[in-house]
Amino acid sequence: MTMHFFNDEWESFIEHCGFTDVELEIVQYLRRGWACVDIASELFISESTVKRKRKVIGQKIIRYIEKEG
């Protein structure tokens with residue numbers, strides 16, 4: 001799953017989705033197009049943790065979009 005959004009969309013998600021501190025950190029890399037393996041290496045966490053967090057981030061974004069729909 002690749003997350004491609006405009007900067008103003010990312011800013012809206014960051015403001016309204018209730019991301020945790022770790023999720024926010026991962027979001028900063030996702031919005032720059034980084035791969036999970038690279039994010040994991042940069043943050044010294046496992047790739048599976050990044051993938052799990054990315055899934056949660058995606059779910060929060062979907063809930064927000066559906067609510068605002």
Side-chain angles (χ1 to χ4, degrees):
M1 174 177 77
T2 305
M3 295 185 181
H4 294 288
F5 298 106
F6 294 108
N7 280 330
D8 60 333
E9 292 172 315
W10 276 117
E11 293 302 322
S12 184
F13 300 149
I14 289 168
E15 183 178 343
H16 295 97
C17 288
F19 298 130
T20 65
D21 290 341
V22 173
E23 290 167 353
L24 282 172
E25 205 168 3
I26 292 171
V27 161
Q28 297 309 321
Y29 292 101
L30 290 174
R31 68 189 291 187
R32 288 183 240 151
W34 283 42
C36 288
V37 66
D38 299 321
I39 297 169
S41 177
E42 183 74 16
L43 298 179
F44 302 102
I45 58 178
S46 71
E47 185 178 358
S48 63
T49 296
V50 174
K51 287 179 179 180
R52 189 173 60 252
K53 294 291 186 181
R54 184 184 64 180
K55 182 177 179 180
V56 171
I57 290 165
Q59 290 169 338
K60 288 181 178 184
I61 289 171
I62 289 168
R63 277 197 301 269
Y64 171 70
I65 291 171
E66 287 175 345
K67 185 178 83 173
E68 294 299 305

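The figures that follow rest on heavy atoms only: side chains count, while hydrogens, waters and symmetry mates do not. All residue numbers in this chain count up from 1 along the given sequence.
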Legend entry - Straight-line distance of R63 CZ to K67 NZ, nearest 0.5 Å: 10.0 Å

Inset, instruction - Determine whether F5 and I61 make a side-chain contact, defined as any pair of heavy atoms from C-beta on separated by less than 4.5 Å. - result: yes

Legend entry - Which residues share a side-chain hydrogen bond (donor to acceptor under 3.5 Å, both in side chains) with S46, sequence neighbours left out: S48, T49

Could you list the donor-acceptor pairs under 3.5 angstrom formed between side-chain atoms of residues 16-27 and any protein atom two or more places apart in sequence or on another chain?
unit_1	atom_1	unit_2	atom_2	d
H16	ND1	S12	O	2.9
T20	OG1	E23	N	3.1
E23	OE1	T20	N	2.8
E23	OE1	K60	NZ	2.7

Legend entry - Cluster check I14, Y29: I/L/V/M/F/W/Y, side chain < 4.5 angstrom: yes

Inset, instruction - Give a yes or no on whether I57 and I45 share a hydrophobic cluster (residues Ile, Leu, Val, Met, Phe, Trp, Tyr; joining criterion: side-chain heavy atoms under 4.5 Å apart). - result: yes

Inset, instruction - Flag yes if M3 and V56 sit in one hydrophobic cluster, no otherwise; membership is Ile, Leu, Val, Met, Phe, Trp, Tyr, and two members link when side-chain heavy atoms are under 4.5 Å apart. - result: no

Inset, instruction - Can you measure from CD (E42) to CZ (F44) and round to the nearest 0.5 angstrom? - result: 7.0 Å

Legend entry - From Y64 atom OH to E15 atom CD, the distance as rounded to the nearest 0.5 Å: 7.5 Å

Inset, instruction - Verify the cluster assignment for F13 and W34: are they in a single hydrophobic cluster under the rule of side-chain heavy atoms below 4.5 Å apart? - result: yes

Legend entry - salt bridge (Lys or Arg N to Asp or Glu O under 4.0 Å) between R31 and E9, worked out: CA-CA 10 Å; R31 68 189 291 187; E9 292 172 315; over 6 Å; no

